[in-house]
Student: 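Before anything else, here's the structure in question.
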Amino acid sequence: MTYQRSASSTVALSALAERVFELLDNPAFLGAHMEEPSVMMLGASMKYDLDEAEGRSVGSVIRMRGSILGLALSVEEVVTERHPPLSKTWETRGTVRLLVIGSYRMGLRISPARSGCSLNVRIEYNLPTRFPDRLLGHLLGVFYANWCVTKMTAGAIAHFRSVQPTP
């Protein structure tokens, strides 16, 4: 699939690539910002439903559901690529019911470095197909996409900042 828009966030972490991948391979950690009501979520929150593999294998299915102002939100993702500890990609399938973005592909790339690693989280997305969601996407999609990838990398920074090294 071809995507019209994209956003990404890259950060340096003082942690081994294996530890970063292990943490971010967990969809519930990576998407924790979606489970809490926020201004960017317009007060809504999403709940995760993971399959038996918990989103940690190719073909694994991740479902999210929520609502905003009485409108049902839902999206189903499938893991399409997984190469521990360097990369993982997942994308939507079926009908996407979100307000400001439509179908998307997300991924993370981890590059080992001398003092830890570099983490890049990216999203490629299309605008929603339904009106007025498409109009909202034109206005807010870029802000939402940037917020989403930045929240994911910020979560990794906060986690590894708070983890104490073991002797």
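Since we're looking at a predicted model, the values are computed, not measured. Side chains are part of it too, since the values below use all heavy atoms of this structure and drop only hydrogens, waters and symmetry mates.
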Student: Can you tell if the side chain of V20 reaches within under 4.5 Å of the side chain of L108, non-hydrogen atoms only?
Tutor: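 With C-beta onward as the side chain, the pair stays apart.
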Student: Mind checking the CD1-CZ spacing from I110 to R19? Nearest 0.5 Å is all I need.
Tutor: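 Between atom CD1 of I110 and atom CZ of R19 there are 12.5 Å.
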Student: Excluding sequence neighbours, so at least two apart, what forms side-chain contact (heavy atoms from CB on, under 4.5 Å) with S57?
Tutor: A53, S60
Student: Please say yes or no: joined through hydrophobic side-chain contacts below 4.5 Å, possibly via intermediate residues, are Y48 and L23 part of one cluster?
Tutor: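 Linked within one cluster.
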Student: Report the distance from atom CH2 of W90 to atom CD1 of I123, rounding to the nearest 0.5 Å.
Tutor: 9.0 Å
Student: Can you sort out the partners of R130 under salt bridge (charged side-chain N to carboxylate O under 4.0 Å, His left out), two or more places apart, ordered by chain and number?
Tutor: D133
Student: Please determine if K88 and D25 form a salt bridge, counting it only when a charged side-chain N lies under 4.0 Å from a carboxylate O.
Tutor: yes
Student: CZ of R122 to OH of Y104: how many Å apart, nearest 0.5 Å?
Tutor: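 One finds 13.0 Å between CZ of R122 and OH of Y104.
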Student: Which donor-acceptor pairs under 3.5 Å do the side chains of residues 4-14 make with protein atoms, sequence neighbours left out?
Tutor:
from: R5; atom 1: NH2; to: H138; atom 2: ND1; distance (Å): 3.4
from: S9; atom 1: OG; to: T153; atom 2: OG1; distance (Å): 2.8
from: T10; atom 1: OG1; to: N120; atom 2: ND2; distance (Å): 2.7

Student: Which residues pass the salt bridge (charged side-chain N to carboxylate O under 4.0 Å, His left out) test with R93, not counting sequence neighbours?
Tutor: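 Applying salt bridge (charged side-chain N to carboxylate O under 4.0 Å, His left out) to R93 gives E76.
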Student: Can you tell me if CD on E91 sees more than 12 non-hydrogen neighbours from other groups inside 6.0 Å?
Tutor: yes
Student: With sequence neighbours left out, write down each residue that passes salt bridge (charged side-chain N to carboxylate O under 4.0 Å, His left out) with E77, or none if nothing qualifies.
Tutor: none
Student: Could you report the tightest heavy-atom contact between V100 and L127, atom names first, then the distance?
Tutor: O-CD2, 4.4 Å
Student: Nearest 0.5 Å, what's the OH-NZ distance between Y144 and K151?
Tutor: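 Rounded to the nearest 0.5 Å, the OH-NZ separation comes to 11.5 Å.
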Student: Under the 4.5 Å side-chain heavy-atom rule for ILVMFWY, direct or indirect, which residues accompany Y3?
Tutor: M1
Student: Would V142 and Y125 count as a side chain to side chain contact (heavy atoms under 4.5 Å, CB included) if you check the C-alpha gap in whole Å, the side-chain angles of each, and the deciding distance to 0.1 Å?
Tutor: CA-CA 10 Å; V142 67; Y125 66 98; 4.0 Å; yes
Student: If every non-hydrogen atom of V58 is compared with every non-hydrogen atom of R82, which pair is closest and at what distance?
Tutor: CG2-N, 3.8 Å
Student: Taking CZ in R97 as the centre, count heavy atoms belonging to other residues, nucleotides or ligands within less than 6.0 Å. Is the count above 12?
Tutor: no
Student: Report yes or no: do V61 and F29 belong to one cluster of Ile/Leu/Val/Met/Phe/Trp/Tyr joined by side chain heavy-atom distances under 4.5 Å?
Tutor: no
Student: Say you draw a straight line from OG1 of T92 to CE of M106; how long is it, rounded to the nearest 0.5 Å?
Tutor: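 Between T92 OG1 and M106 CE, I get 11.0 Å after rounding to 0.5 Å.
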Student: Can you hop from M46 to L140 via hydrophobic side chains spaced under 4.5 Å?
Tutor: yes
Student: To the nearest 0.5 Å, what is the distance between CG (D49) and CD1 (I62)?
Tutor: 10.5 Å
